[in-house]
Amino acid sequence: MKDFNYHSAKDSKEASQLASSSSAFLAGGMTTIPSMKLGLATYQDLIDIKNIKKLSGIKVSGKSVTIGAATKHVEVSNSKDVKKAIPSLSSLAEGIGDPQVRNRGTIGGSIANNDPSADYPSACIALNATIHTNERKIEAAKFFKGMFETALKKGELIEAIEFQIPEKSSYQKHPNPASRYAIVGVYVAKYKGDVNVAVTGAKSCVYNDKEMSKALSGNFSSSSINGMDLDSSEMNTDMHASAEFRASLVVTQAKKAVDAC
Amino acid sequence: MASLVGSRVERKEDKRFLTGKGRYTADINLANQTYAIFVRSPHARASIKKLNIDKALKSSGVVSILTGKEIADDKIGGLIAGWAIRSEDGTEMKCPGNPPLAKDNVNFVGDPVAVVIAESLAEAKEAAEKVEVDYKVLKAVTSTADAMNGDTIHEGIDKNLCFDWLLGDRQKVKEAFDKADKVISIDIINNRLIPNAMEPRACVADYNAASEEITLYTTSQNPHLSRLIMSAFGNVAPEHKLRVVAPDVGGGFGSKINVYNEDIVCSWAAKKINRAIKWVAERSESFLTDIHGRDHVTHAELAVTKDGKFLGFKNETIANLGAYARVFGTVTPTYLFGPCATGVYEIPAAYTNVKAVYTNTAPVDAYRGAGRPEATYTIERLVEKASMELGIDKTELRIKNFPTAFPFKQTLVHTVDSGDYVAGMEKAKQMADYKGFEARRKESEAKGKLRGIGVTSYFEACGIAPSAAVMSLGCGVGLWESAEVRFNPTGQVTVYTGSHSHGQSHQTTFAQIAADELGVPIENIDIVHGDTDKGTFGMGTYGSRSLAVGGIAIVNACKKIVEKGKRVTAKMLEANPEDVEFKDGEFIVSKSNKKKTIGEVAFACYLPGVRDEMKSPLPEGDEPGLKETSFYDPSNFSFPAGTHIAEVEIDPETGQVKLEKYTACDDFGRIINPMVVEGQVHGGLAQGIGQALYENAEYDETGQLMTGSYMDYTMPRADNFPEFNIGYTCTHATTNPLGVKGCGEAGAIAAPPTVMNAVIDALGGQEVTMPATAEKVWKACKNLKKSNAKAA
Ligand SMILES: Cc1cc2nc3c(=O)[nH]c(=O)nc-3n(C[C@H](O)[C@H](O)[C@H](O)COP(=O)(O)OP(=O)(O)OC[C@H]3O[C@@H](n4cnc5c(N)ncnc54)[C@H](O)[C@@H]3O)c2cc1C
């Protein structure tokens, strides 16, 4: 690992002022540190944001759950409030990686990184989340731009993620047996008018599957998507799963999610 | 005094390990030490056109940079294969040179070409990036099955073939097959595995200019053997000027048997620069350069009668050696494989033919089980298929072909001294509730799931090995083991064993044995190992040999102590040595009932005089001191055996396999410490199940390792396993005084076919290769659905 400068920011303002084209925020470090160790990324400055009090913690109101960006996965999975308001969100957090990762990794880091097989992006899409940054509010649907790409500008800091409490929801993942990232993860959330079916792992970026959403909005039963033949042409193929398998898993996991709702 | 052998004595080593006080190689830091980084080939096959170190030498903190040229100039030898195999046509095997630093050609990704030594690790890394190597990239050979058709990797080694070996009689087999009612055949792949010891390899080499001695601390399973190889073949230093220490070692599984490039280079370089050098592998280096395991492609056939009697067995295997043949690289797919491939069955005629090929991949060598997992996988997959095709219950078919008497003269090489395979099978069935399976299958079916049950009966030849036998088969050394038992004047005991513990609990189990033999409290016994300066010689630990060979050496040395103690007691108590009995640490003269404790005898041996009297307690001919040595050479291998039963449930929609139940019923002979044995069985099972369901080392066609990190190489975790159901039957080995057989490898040997037989049972007999990943199983489920639909 190359030498770098370590900064600990006391507030969002300082954090974004310190940011430059050769810096990264240091939240859990679960992505940043390994990529630096392997020489895949080098930064001159790491700006630690874990000491910014405002970025941690969970608030539940009547309609939404708001989670600070530097809140760790373990805190989300253990939170009684989250369990009560959106149980599927706490079980999603519980299924991320392993205990070491959950004890350090953060929700903000996860969505800022936007790994195509990460879990949280699907929660953001399915639960109509709003991403609060130090500069603005961004709707989840406009936040995830592509593989490892988001709407964040350089130096823009996520402060919190606000999820809309659904009537019912469930997240079902088919994990990569090695890393336990999602080979395919499907987050189904049912709101009064419509149903979201957010899919992660299958394509280069998380997306809302319109076809299944439509079918389920009409009839919220797994039978309405059973046997659906999804187009696999844009799906990922790697040594862990072919596009064809992923396409089938998307339907299977969606059915499981509906059944679990 | 109650016997300690057989009881769950808590591990003496736990306190040290659990409180972070273990002392591993990476914990060792020497004064004025430097740090080494190896520059490794990024290509699987290339010739080195130019290697330029000028820029790197100018990098800050660099002490020295050494390359293959200096190694060659100093006549430092290369890495070797320890076992000479002869081909069927009588020719000797063909091995390429394997210099510790490649000079002209590199043959796998990770093959080292230079070492950069610097004042700090960061500086060494920085400089290593500045070493410029101009490679001419050549077409790599990576596929086991096609290796013989690929470009020639090593000059003069035609078809990349190291040897084409035969064990058995083709003609007799042909005759047997001619008589068969049915021939069962399979094509199987034994997938390549990466051992993944928790502690990565490391070494610290030091040079003492005053004594002209090199000391190498290294992660080795066999420090004396390493010293011998580095001295006799590496030309690093004569044995008396080379000390090899293997302190606490965090797992080996075979991957730490070999002397590696880094051991030789660091030892040689430490003398050259007259400073200590430290090297610790990064996990990525472990993936690329530790020896790998398995990697066979096999076609096998079993000739049977219609009522299920086995008549003949054929085994045609291609074994991948990787880029070079290493210490156990050539014996693993031959003598450790072929003789066990007929399994626990009476099969009148059999042969195994192995073509061992070179490829541009990491060297393949002994990995937990070494050859015997591959053998067991071959025969047990065949037998399971035979049971399906013949419509005979899988347990009945096995029992029908078990030997009826012991010693059991097995088809090809071994004579198995003891065992009771039927008892093992019956107990395993009971433990697994074999009868209740059909009901459980129906329950799964009702949930839309497929359930399968798989059985394996195995035996393995371990406790390696009788020197005369192995040397006649081509082994470069004898495989005896030594022990030294030393009493201190005040009565504590130090036992030096040539075995090495890297997780096997010798500090506890060997102390239990010595405590029973000598009647000394276990707290007063220290087991010492892992340092060539502390004991005469040792062959180390692999092949489940520590107890069955090393443990017996301890027993024999203890017996010599007792014999001397009897003579000394007789002299002290003015009795005949024949009238002295030894029990629970006391020497008792049977006639007078007078006694001496073993402590008193030891004291007398070291202080052989009595004040005011010119009288010695030592009989004439006995020297002072109480220390005995034994070099034990076993008369036979030992043969653990057993039956394992697995049950899996498959979700046909996702292809995920859930291991629901796992039963292991093993016969390890006498058990010294049941708790330790459970640990060994659990570990072996985890690795065996890992092979069946999760682990796979995969190279792409250019020879890049695709599974070079834990993000892609699936190590099984605790939540992948059910609670293991473990039991034993026990027949004592008749070939050693403890009646022990060895337990270290059984799980890794039996689990892969057990689990795969269950998976394939659930899939209605459809073959899938290991590991049975979700996608493969999902595809098989789709096919099954199609063929069921057709049938209906
Ligand atoms: C072994 C392993 C297994 C894993 N398994 C899973 C899994 O199963 N599912 C899953 O979803 N994830 C998984 N992860 C990822 C993990 O969950 C982390 O969430 C993820 O690595 C990033 O979070 P972090 O807090 O560690 O971010 P860091 O590594 O600290 O930062 C990552 C990136 O995000 C940026 N960043 C961080 N915080 C903010 C912020 N508040 N505002 C703007 N930018 C920010 C940083 O600048 C950096 O570029 C795994 C990771 C590992 C190492």
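Proteins get letters first, then strands, A, B, ... in listed order; numbering begins at 1 in each. Computed from a prediction, not measured in an experiment: that's the story for all the values here.
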Counting C-beta onward and ignoring hydrogens, is there a side-chain heavy-atom pair between A/Gln44 and A/Phe4 closer than 4.5 Å?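 No, every pair of side-chain atoms sits at 4.5 Å or beyond.
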Can you label the angle between the B/Trp778 ring and the A/Phe245 ring as parallel, tilted or perpendicular, going by 30° and 60°?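 Taking A/Phe245 first and then B/Trp778, their aromatic rings sit tilted (interplane angle of 30° to 60°).
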Determine the interplanar angle of the A/His73 and A/Tyr120 rings, folded into 0 to 90°, and report it as parallel if under 30°, tilted if 30 to 60°, perpendicular if over 60°.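 It falls in the tilted class, 30° to 60°.
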Heavy atom to heavy atom, less than 4.5 Å: which residues from residues 108-118 of chain B reach chain A?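 When heavy atoms of chain A are the reference, residues 108-118 of chain B contributes no residue within the under-4.5 Å range.
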Measure [X] against the heavy atoms of chain B and call it side chain, backbone, both or neither at under 4.5 Å.
X	result
A/Gln253	side chain
A/Lys37	neither
A/Ile183	neither

Derivation and outcome, side chain to side chain contact (heavy atoms under 4.5 Å, CB included), residues A/Thr237 and A/Arg246: CA-CA 8 Å; A/Thr237 286; A/Arg246 278 194 164 88; 5.5 Å; no
Find the distance between CD (B/Glu126) and CG (A/Asp3) and round it off to the nearest 0.5 Å.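 Reported value, rounded in 0.5 Å steps: 8.5 Å.
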Atom CG in A/Asp119, atom CD1 in A/Ile107: separation rounded to 0.5 Å?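 Answer rounded to 0.5 Å: 11.0 Å.
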Which atoms of [X] come close to chain A, meaning under 4.5 Å heavy atom to heavy atom: side chain ones, backbone ones, both, or neither?
X	answer
B/Asn720	side chain
B/Glu695	neither
B/Glu282	neither
B/Ser709	neither

For the candidates B/Thr773, B/Asn696, B/Leu121, B/Asp719, which exhibits the highest count of non-hydrogen atom pairs separated by less than 4.5 Å from chain A?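 With the most close heavy-atom pairs to chain A, the winner is B/Asp719.
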Quick one: which of B/Lys779, B/Arg717, B/Glu698 has the most heavy-atom pairs under 4.5 Å with chain A, could you say?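 Most pairs with chain A among the choices: B/Arg717.
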Which heavy atom of B/Pro752 sits nearest to which heavy atom of B/Gly688, and what is that distance?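 Taking B/Pro752 first and B/Gly688 second, the nearest heavy atoms are CG-O, 3.5 Å.
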Using a 4.5 angstrom heavy-atom cutoff, name the option from A/His240, A/Lys2, A/Lys255 with the most pairs to chain B.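 Winner by heavy-atom pair count: A/His240.
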Can you tell me if B/Lys658 has over 12 outside heavy atoms packed within less than 6.0 Å of its NZ?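 Not more than 12 within 6.0 Å, no.
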More than 12 heavy atoms of other residues, nucleotides or ligands under 6.0 Å from CD of A/Glu234: yes or no?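 Not more than 12 within 6.0 Å, no.
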Run the salt bridge (Lys or Arg N to Asp or Glu O under 4.0 Å) test on A/Lys256 and B/Asp651 for me, step by step, so that the C-alpha distance in whole Å, both residues' side-chain angles and the decisive distance to 0.1 Å come before the verdict. CA-CA 12 Å; A/Lys256 284 192 182 178; B/Asp651 180 340; 3.2 Å; yes
Output all residues satisfying ring-ring contact (aromatic ring centres under 6.0 Å, His included) with A/Tyr171, sequence neighbours left out; order by chain, then residue number.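 Partners of A/Tyr171 by the ring-ring contact (aromatic ring centres under 6.0 Å, His included) criterion, ordered by chain and then number, come out as A/Tyr187.
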